[in-house]
Amino acid sequence: MKIGIVGCAGRMGRMLVQAVVNQDGAELAGGTETSSSPFIGHDPAVVAGEIPSGVEITADADKLFADSDAVIDFTIPAATVEHAKLAAKHNTNLIIGTTGLSAEDQAIIAEAAKSVTIIQAPNMSLGVNLAFAITEKVASMLNDDWDIEIVEMHHKHKVDAPSGTALGLGRAAAAGRKVDLDNVADKVRNGHTGERKKGDIGFATLRGGDVVGDHTVVFAIEGERFEITHKASSRVIFARGAVTGALWTGTANAGLYDMQDVLGLKE
């Protein structure tokens with residue numbers, strides 16, 4: 001499968017390139033960067049510390065989608081929605097790891113998924129997706145006397161909060177309770193907040209240093225506490241999962257999927 005990487009010279013992009021060139025059954029189709037990038041014209045595999053691949057980094061996303069069977073996108077919302085349109089235009093499957101997308105962005109992605117296979121997940125790692133599945137199961141077993149709090153920490157350069165993974169865990173917990181997360185999420189606490197509202201799902205955000213990603217779901221009731229924790233020490237787990245997803249799209253019908261589908265974790 002020919003796999004392209006948008007934003008291929010960034011920290012995550014380089015890991016994605018490494019994951020593609022070291023994966024059996026995958027071939028690096030190319031990579032893109034912004035037109036002002038000093039890496040334009042360079043081999044993305046060499047930039048990532050691998051042997052030459054024979055392709056060059058360009059600023060032409062349209063050509064990358066035309067040349068690829070699937071494209072992996074860990075960029076920013078504005079770029080991702082444009083890539084979704086290109087995916088539909090060229091019948092190219094798309095794997096989205098971008099977070100912070102709006103409802104309007106999601107509508108564009110959903111429209112593209114009517115004609116191509118799109119995998120969208122706030123986190124591509126196997127461990128985190130197991131945490132999603134376990135969180136939903138536990139939430140379905142415990143009534144709302146149990147308070148649910150989600151605590152996440154990331155590096156100081158992360159720009160969105162709560163993290164996409166934290167929100168994914170919140171959606172999993174809400175699904176287990178058969179409620180809409182938007183109706184029960186408590187994302188900001190400041191000042192005199194009063195008592196915690198029964199049934200809410202709370203979020204706490206920490207930022208600092210070079211933390212790749214720590215997430216904990218806390219189920220608390222008087223007298224005891226149950227926690228589900230995942231700690232990421234390397235971004236390679238996200239790249240590895242994204243490439244697994246890209247290969248999976250080769251046999252899937254058009255539609256919008258997540259890593260739960262890819263890993264067979266849905267009942």
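Residues: numbered from 1 along the sequence shown.
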Heavy atoms of A232 and I237 approach each other most closely as CB-CD1, 3.7 Å
For S37 and T34, indicate whether the former's side chain and the latter's backbone hold a donor-acceptor pair under 3.5 Å.
no
Is there a path of hydrophobic side-chain contacts, each under 4.5 Å between heavy atoms of I/L/V/M/F/W/Y residues, joining L101 to V6?
yes
Show the nearest heavy-atom pair for residues A88 and S115, with the distance to one decimal.
CB-OG, 3.7 Å
salt_bridge(R196, E149) N-O dist < 4.0 Å
yes
Set out, in order, the CA-CA distance, both residues' side-chain angles and the distance that settles side chain to side chain contact (heavy atoms under 4.5 Å, CB included) for N22 and E50, then state yes or no.
CA-CA 9 Å; N22 288 295; E50 301 289 338; 3.3 Å; yes
Going by an N to O cut-off under 4.0 Å, is there a salt bridge joining R225 and E227?
yes
Non-hydrogen side-chain atoms of T216 and D214 separated by less than 4.5 Å:
no
Going by side-chain heavy atoms closer than 4.5 Å, which hydrophobic residues are tied to V46, directly or by a chain of links?
none
If I take atom NZ from residue K85 and atom CD from residue E111, how far apart are they, to the nearest 0.5 angstrom?
11.0 Å
Verify whether one side chain among T98 and T80 offers a donor that lies under 3.5 Å from an acceptor in the other.
yes
Backbone N/O of T92 and side chain of H90: donor-acceptor pair under 3.5 Å:
no
Consider side chain to side chain contact (heavy atoms under 4.5 Å, CB included). Of L16, I3, L28, which one does V21 pass it with?
L28
Closer than 3.5 angstrom, by distance alone: can the side chain of S68 be matched with the main-chain N or O of F65 as a donor-acceptor pair?
no
Point-to-point distance, once rounded to the nearest 0.5 Å, from OG1 of T58 to CG of D67
8.5 Å
Is the shortest distance from a Lys or Arg side-chain nitrogen in K156 or D210 to a carboxylate oxygen in the other one below 4.0 Å?
no
If we ignore hydrogens and angles and just use 3.5 Å, is the side chain of T135 paired with the main-chain N or O of A172 as donor and acceptor?
no
Evaluate the side-chain proximity of H154 to H215: yes if any heavy-atom separation is below 4.5 Å, no if none is.
yes
With clusters defined by side-chain heavy atoms of hydrophobic residues (ILVMFWY) lying less than 4.5 Å apart, directly or transitively, does L126 cluster with M15?
no
Partners meeting ring-ring contact (aromatic ring centres under 6.0 Å, His included) with Y257 (sequence neighbours left out)
W248
I need the minimum non-hydrogen distance between D105 and P77, along with the two atoms involved.
OD2-CB, 3.7 Å
Stepwise, does the side chain to side chain contact (heavy atoms under 4.5 Å, CB included) test hold for I5 with V20?
CA-CA 9 Å; I5 309 296; V20 170; 4.0 Å; yes
From K197 atom NZ to D144 atom CG, the distance as rounded to the nearest 0.5 Å:
11.0 Å
Going by an N to O cut-off under 4.0 Å, is there a salt bridge joining K2 and D69?
no
If you define the side chain from C-beta out and look only at heavy atoms, does anything of H42 sit under 4.5 Å from E56?
no
Working to the nearest 0.5 Å, report the span between CG of N129 and CD of Q260.
5.0 Å
Lys/Arg N to Asp/Glu carboxylate O, K89 vs D62, below 4.0 Å
yes
State whether the side chain of Q18 and the backbone N or O of A48 hold a donor-acceptor pair below 3.5 Å, judged by distance alone.
yes
Per the side chain to side chain contact (heavy atoms under 4.5 Å, CB included) rule, which among T99, I96, D258 passes with Q120?
I96
Minimal heavy-atom distance between A161 and T205, with the atoms involved, is CB-CG2, 3.7 Å
Report yes or no: does T193 contribute a side-chain atom to a donor-acceptor pair with the main-chain N or O of N190 at less than 3.5 Å?
no
Give me the atom names and distance for the closest heavy-atom approach of S140 to K137.
OG-O, 2.6 Å
Under 4.5 Å side-chain linkage, directly or through intermediates, the cluster mates of I150:
V128, F132, I134, V138, L142, W146, I148, L167, L169, V179, L181, V184, I201, F203, V217, F219, I221, F226, I228
Share the residues that join V47 in a hydrophobic cluster, the rule being Ile, Leu, Val, Met, Phe, Trp or Tyr side chains under 4.5 Å apart at the heavy-atom level.
F39, I40, I57
Salt bridge (Lys or Arg N to Asp or Glu O under 4.0 Å) with D200: which residues, sequence neighbours excluded?
none
Any chain of hydrophobic side-chain contacts (each under 4.5 Å) joining L247 to I95?
yes
Straight-line distance of T249 OG1 to I72 CD1, nearest 0.5 Å
9.0 Å
For H83 and D73, what are the C-alpha separation, side-chain angles and deciding distance, and is it a side-chain hydrogen bond (donor to acceptor under 3.5 Å, both in side chains)?
CA-CA 8 Å; H83 295 151; D73 180 354; 2.9 Å; yes
N123 and S125 side chains, donor-acceptor separation under 3.5 Å
yes
I'd like to check K158 versus R207 (side-chain heavy atoms, cut-off strictly below 4.5 Å). Are they in contact?
yes
Give a yes or no on this: more than 12 heavy atoms of other residues, nucleotides or ligands lie within 6.0 Å of atom CG of D145.
yes
Can you sort out the partners of F74 under ring-ring contact (aromatic ring centres under 6.0 Å, His included), two or more places apart, ordered by chain and number?
none
Check: D160 side chain, S163 main-chain N or O, donor-acceptor pair, under 3.5 Å
no
With the 4.5 Å side-chain cut-off for hydrophobic clustering, are V212 and V151 part of the same group?
no
Do K187 and P162 come close enough that some side-chain heavy atom pair is under 4.5 Å?
yes
L94 reachable from L256 in the ILVMFWY side-chain graph, under 4.5 Å edges:
yes
Report yes if the side chains of E27 and S53 come closer than 4.5 Å at any heavy-atom pair, otherwise no.
no
Gap between atom CG of D60 and atom OG of S35 - 0.5 Å precision:
11.5 Å
Apply the test side chain to side chain contact (heavy atoms under 4.5 Å, CB included) to residues L265 and L130: give CA-CA distance (whole Å), side-chain angles for both, the deciding distance (0.1 Å), then the verdict.
CA-CA 8 Å; L265 294 174; L130 285 171; 3.8 Å; yes
Nearest heavy-atom neighbours spanning A112 and A84:
CB-O, 3.4 Å
